2 protein chains.
Amino acid sequence: MTRSAILDAGSDFLRTRPFRDLTVGLLMAGTEYSRPTFYLYFNDLHGLMETLLGEVKGEIVDGARAWLSNEGNAISGLQQSLAALVEVAHEHGTILKAVADAAPSDARLERVWDTFLASFDEVVSARIAQDQAAGLTPEFDPLPVARALNRMDAGVLIQAFGSVEKAEKDKVLSAIMRIWLSTLYPFDATASLERIGD
Amino acid sequence: MTRSAILDAGSDFLRTRPFRDLTVGLLMAGTEYSRPTFYLYFNDLHGLMETLLGEVKGEIVDGARAWLSNEGNAISGLQQSLAALVEVAHEHGTILKAVADAAPSDARLERVWDTFLASFDEVVSARIAQDQAAGLTPEFDPLPVARALNRMDAGVLIQAFGSVEKAEKDKVLSAIMRIWLSTLYPFDATASLERIGD
DNA sequence: AGTTGTACTGACGCCATGTCAGAAATGCAG
DNA sequence: CTGCATTTCTGACATGGCGTCAGTACAACT
């Protein structure tokens, strides 16, 4: 109860102001509780961010399923997954930026964030290897490419949707879509990219 | 004199420890001066980071020239520029990570960092437009794609070379090279990528 | 030797943090 | 409704890094 009131106050704060402006005092001023109460439910502000990230993580994993659990066409699955990813990032962009901002100032949170990103490297890499075996994707070392594509997504999405003035979803989507498709499915990419237009 | 002693102490510190561990006291303990002396030459630690970034920026811009000032083959120019970029990032990775880490905790430095990244978006975007006019590159809105590719570079390079245990240069290079090439020069990409092998 | 200017430092106030002893509030047995 | 136990909360404190300022040490020039 109290705990989720604090989490809500945190989300609300970060919707309009950056993580660097967040203090325990300000945070708790957004609730009906006093400053020390915060420490009953979280170790520090970074602990709060860790919890907020956990909430968003679920949605992202769900959205990515279309491509990762490979049923149906690879290309359209990827298109679906990226679209879902953009959707979630647009929704929770401020939280994602806040976590990314907070991470470097705390060893533990930095680990959590890195692990979060690395978890996608694993699964994307696996899916690439599979498509390579199927002859859909050229041969190359999948892991570094997966890492690069994921870092791209993270950087782009946080930059585009991390603050109040958000970029246009469709421009962002078609840019990263193009890069994923031409890297992973170059043989079919031309057709697919023409289909979505530019 | 004193000023560059401080800068050196900063670089040295960041070579082995993250920005979050840097305090003015620790920094100046690495020099023969006292803590207040720091404030004679810099406003705060973020000001120091701004200066360090300025030093690295020059090298990066130099390295990128091969492709950006378009003389000769576009593909080999891009290959050269990316190789140079990886080289510089490998050299100064800890500084780049430290600046990226420090940026979100200071409004001014965040602006500097964003502007730094955005400056590459501009020139890359311009070069893409040119290659599109020449028929080398498919038609698409260049700016969002340039942004995405640049964020990828930043994310990958900082992750790969930001801490003491650095990743292998060639793996990193061939991954980002593949993505740039298949996105910008898909017609010739197959040949070029085979040439560098995997 | 005296004066001016520059480079430096000791000591201070400030602010956010995280803790702890104790105060309210809540629930429950008689 | 009363006394008691347990949970929830808070006022007050110590800590540590920050940024400042008055004042010292030192060099250079007259």
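Letters A, B, ... mirror the listed sequences (proteins, then strands); counts begin at 1. These numbers come from a predicted model, not from an experiment.
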* Can you tell me how far P of D:dA25 sits from OH of B:Tyr33, to the nearest Å? -> 18 Å
* To do: Take atom CG of B:Asp21 and atom P of D:dG16, then tell me their distance rounded to the nearest Å.
  => 16 Å
* Asked: Between atom OH in B:Tyr39 and atom C1' in D:dA22, what is the gap in whole Å?
  -> 18 Å
* To do: Can you label the angle between the B:His46 ring and the B:Phe19 ring as parallel, tilted or perpendicular, going by 30° and 60°?
  => tilted
* Among the nucleotides D:dT20, D:dT10, D:dT8, which one has an atom lying closest to any side-chain atom of A:Thr2? -> D:dT8
* Given atom CE of B:Met28 and atom C1' of D:dG17, what is their separation to the nearest angstrom? -> 15 Å
* Considering residues, nucleotides and ligands other than B:Asn43, do more than 12 of their heavy atoms fall under 6.0 Å from its CG? -> no
* Asked: With a 3.5 Å cut-off and just heavy-atom distances, do the side chain of B:Arg35 and the base of D:dG19 make a donor-acceptor pair?
  -> yes
* **Residue of the set B:Glu87, B:Lys97, B:Glu59 for which side chain to side chain donor-acceptor pair (under 3.5 Å) holds with B:His92** => B:Glu59
* **Atom-to-atom span, CG of B:Leu40 to C1' of D:dC26 - whole angstrom** => 15 Å
* Under 4.0 Å between a Lys/Arg side-chain N and an Asp/Glu carboxylate O for A:Lys171 and B:Asp141? -> yes
* Asked: Are there more than 12 heavy atoms of other residues, nucleotides or ligands under 6.0 Å from atom NZ of A:Lys166?
  -> yes
* To do: Would you indicate what B:Tyr41 reaches in the nucleic acid, counting non-hydrogen atoms under 4.0 angstrom: base, sugar-phosphate, or nothing?
  => sugar-phosphate
* Classify the nucleic acid contact of A:Thr23 as base, sugar-phosphate or nothing, counting any heavy atom under 4.0 Å across all strands shown. => sugar-phosphate
* Asked: Any side-chain N or O of A:Thr37 less than 4.0 Å from the OP1 or OP2 oxygen of D:dT10?
  -> yes
* Between A:Val172 and B:Leu143, is there a shared hydrophobic cluster once you connect ILVMFWY residues whose side-chain heavy atoms come closer than 4.5 Å? -> no
* Asked: Which nucleotide of DNA chain C is the first, and which the last, in the 5' to 3' direction, to come under 4.0 Å of a heavy atom belonging to chain B?
  -> C:dC8 to C:dG10
* To do: Indicate, with a heavy-atom threshold strictly under 4.0 Å, whether A:Leu45 touches base, sugar-phosphate, or nothing.
  => sugar-phosphate
* Identify the heavy atoms of A:Thr94 and A:Leu14 that sit nearest to each other, and give their distance. => CB-O, 3.4 Å
* Rounded distance in Å - CZ (B:Arg20) to C1' (D:dG17) -> 17 Å
